[in-house]
Amino acid sequence: MSNESLANLLKEERRFAPPAALAEQANVTAEAYERARADRLGFWAEQARRLSWDTEPTETLDWSNPPFAKWFADGKLNVAYNCVDRHVENGLGDRVALHFEGEPGDTRSITYAQLQSEVSRAANALVELGVRPGDRVAIYLPMIPETVVSMLACARIGAPHSVVFGGFSADALATRINDADARVVITADGGFRRGKPSALKPAVDEALTRPGTENVRSVLVVRRTGQEDIAWTEGRDVWWHDLVERQSDRHTPEAFDAEHPLFILYTSGTTGKPKGILHTSGGYLTQVSYTHHAVFDLKPESDVFWCTADVGWVTGHSYIVYGPLSNGATEVLYEGTPDTPHRGRWWEIVQKYGVTTLYTAPTAIRAAMKWGDDIPAKFDLSSLRILGSVGEPINPEAWVWYREHIGANRTPVVDTWWQTETGGIMISPLPGVTETKPGSAQVPVPGIAATVVDDEAREVPDGAGGYLVLTEPWPSMLRTIWGDDQRFLDTYWSRFEGRYFAGDGAKKDDDGDIWLLGRVDDVMLVSGHNISTTEVESALVSHPRVAEAAVVGATDPQTTQAICAFVILRGDGENADEAALVEELRAHVGKQLGPIAKPKRVLPVAELPKTRSGKIMRRLLRDVAEHRTLGDVTTLTDSSVMDLIQNKLPAAP
Ligand code: ATP
Ligand code: MG
């Protein structure tokens, strides 16, 4: 990247004040920022008291060996006890923890008392399988209650889990089992996806033939789809309903050190080979519990929270399992896709359960925009009071659409920036405090220190761009990359001395608010100007004909890089005159952002390459635009998308 700061092209003037009623009753007010600024560690020590500790910590942060942090190190707690048992002890056993909605329409509501029994049984079953504190358990399941139960059962007995997204192949599963040296795999015969049963067990069988997986002694199998012909390895495979259901529903949780490993989770692989991120117990739970309370203003007695992420991603770990359950929330768990059996399925679920808080990703919002305003309009969405977004920068047009068509122009939208590595939300508006700006994550949450720096690690002034860094350790920070301290140091701590390098480009606007501009690797250099992919994409999406856009810089002899845009058009109809539309889109970007940002090429395509967590993989589009062999595609949803795109491009010069 050149010395010049990122171009600061986008001008977004729309502002939305917090609704007065929400602000009046908000869990967290402006005063929290003051308190955290005055005494950051004291603030987090206070948040740690949200949890129930067997031994209260007297230490907050041990930063004597940076960047290896210890938080609340002399405290002891049980994470599962905090997420389940203590609510039952507080008289909330009858409150629904999970409203499960299966894709075929089967449902189950599970109270906290029932969850306590199920987690206890599963914990006893794992102990019977010989799982000891510290042993790793791989979880490869669809979005069903047993997934949540399995994670909590692992946490309860101190066995770190490694959840592998159920859509991944046998190869991806084998690599992750091997990397974490897992001893037990929990899986299912299959799950329901797009109206059909989709098998999971065969991928486990195949993965376990690969070298490096020999230490797996047991495979615990949930019956979900009831398919008949399922291969069985005697002595290794055991049915959940045989083993778990005969266990006692009593299990005494043991207290573990705050720094006891809670889970390993692999990043999405958007920028390269996934990294096995290690999270521990006390600090992680403190921050996910606090941020869930603050950012979603959770009122556990009346709210119905729904995070649509898969449990296989960090968003599912932190805001389906640990954050909401530690707060005693009632939430929705949905197994399937948003368009099965129809494109209104999500809105039907919001209406059915009276969802108050919806947390989803820009990719889903853009899909809903593309499908049409009339679909959500058919459902009663009046229960919604807060909307959240995570996973990618949200284009201002998508933000405004979300607020208008899902939130009835009433609900605050919180755009939350964070990563697998950060464990919990880091930068986000607070719904009762912040005047929001479409497309901006705006401010670090209380207790978090983030800023934007230039190449020389100098903080940039308001109105300028550079690299997003975190300047102080935080409770839910990753402790390392599993088994690879050196990669941990190299990836995050070597770019800027003493600061965590997030890998994302960002700018500060004139008010000092933070805007995320996409991956640093994705920033384009055009005729000496750094231009953000995010800003060009948002300019394209602000054209009424564009539903989605992905922009990359392709090597160009004249301008260093040339802007190449891939767009998905709105509406289903064929385009009478594609060439004219392409010209119109180029001109539109030129008008919005200035002539320097006008794409050299605009290619309408049917689909974009996305990770399984819904993020656009620009590195593959760059490979295409530069006529290279494609890089790692293992975390891609559908690799045939790349063939379709390659066919659209003119041949190599
Ligand atoms: P890998 O690290 O393997 O390339 P990944 O970074 O996609 O994968 P995650 O940890 O799931 O894996 O995603 C975190 C990244 O997602 C952030 O670094 C950022 O680029 C992007 N992101 C998440 N939330 C937001 C947001 N609200 N605004 C902008 N970008 C976001
Ligand atoms: Mg990343």
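Each ligand, and each atom within it, is numbered from 1 in the order the structure gives.
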Q | Working for side-chain hydrogen bond (donor to acceptor under 3.5 Å, both in side chains), residues K275 and T491 | A | CA-CA 10 Å; K275 302 170 277 279; T491 310; over 6 Å; no

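Protein heavy atom closest to atom 24 (N) of ligand 1, with residue, atom name and distance, is G391 N, 3.0 Å. Closest to atom 8 (O) of ligand 1 among all protein heavy atoms lies G269 N, 3.1 Å. In this structure, the protein non-hydrogen atom closest to atom 7 (O) of ligand 1 is T270 OG1, 2.3 Å. The single protein non-hydrogen atom nearest to atom 4 (O) of ligand 1 is T271 OG1, 2.5 Å, given as residue, atom name and distance. Closest protein heavy atom to atom 11 (O) of ligand 1: S268 OG, 2.7 Å.
Near T420, meaning under 4.0 Å from any of its heavy atoms, are these atoms of ligand 1: 9 (P), 10 (O), 11 (O). Interface atoms of ligand 1 facing L516, defined by a heavy-atom separation under 4.0 Å, are 29 (C). Atoms of ligand 1 found under 4.0 Å from any heavy atom of D415 (numbered from 1 in listed order, with element): 26 (C), 27 (N). Listed by atom number, the atoms of ligand 1 under 4.0 Å from D504 heavy atoms are 17 (C), 18 (O), 19 (C), 20 (O).
Under the salt bridge (charged side-chain N to carboxylate O under 4.0 Å, His left out) rule, D522 has a single partner from R619, K615, R622, which is R622.
When the heavy atoms of K275, R519, Q419 are ranked by distance to atom 6 (O) of ligand 1, first place goes to R519. Nearest to atom 30 (N) of ligand 1 by heavy-atom distance, out of G503, P393, A441, is P393.
Checked by distance only, ligand 1 and S389 stay at 3.5 Å or farther apart across all their nitrogen or oxygen atoms. When only interatomic distances are considered, the shortest N/O to N/O separation between K615 and ligand 1 falls below 3.5 Å.
Side-chain atoms of E259 and T280 form a donor-acceptor pair, as typed in the model, at a separation below 3.5 Å. Between S613 and S268, the side chains place a donor N or O and an acceptor N or O closer than 3.5 Å (distance only, hydrogens not considered). Of the N and O atoms on the side chains of Q419 and Y500, at least one donor lies less than 3.5 Å from an acceptor on the other residue. T416 and Y359 share a donor-acceptor pair across their side chains, judged by distance under 3.5 Å alone. Side-chain contact of T213 with N178: a donor-acceptor pair under 3.5 Å is absent, judged by distance alone. Counted by atom type alone, W482 and D179 present zero donor-acceptor pairs between their side chains at under 3.5 Å.
Using a cutoff of 4.0 Å between basic side-chain nitrogens and carboxylate oxygens, E537 and R366 are not scored as salt-bridged. Salt-bridge annotation for D455 and R495: present, with a side-chain N of the basic residue lying under 4.0 Å from a carboxylate O of the acidic one. Using a 4.0 Å cut-off between charged side-chain N and carboxylate O, D513 and K437 make a salt bridge.
Proximity of W313 to ligand 1, defined as any heavy-atom pair under 4.0 Å, is not found for any part of the residue. By the criterion of a heavy-atom distance under 4.0 Å, neither the backbone nor the side chain of T611 is placed next to ligand 1. Heavy atoms of E392 found under 4.0 angstrom from ligand 1 belong exclusively to the backbone.
Contact between W418 and ligand 1 is present, with at least one heavy atom of the residue lying under 4.0 Å from the ligand.
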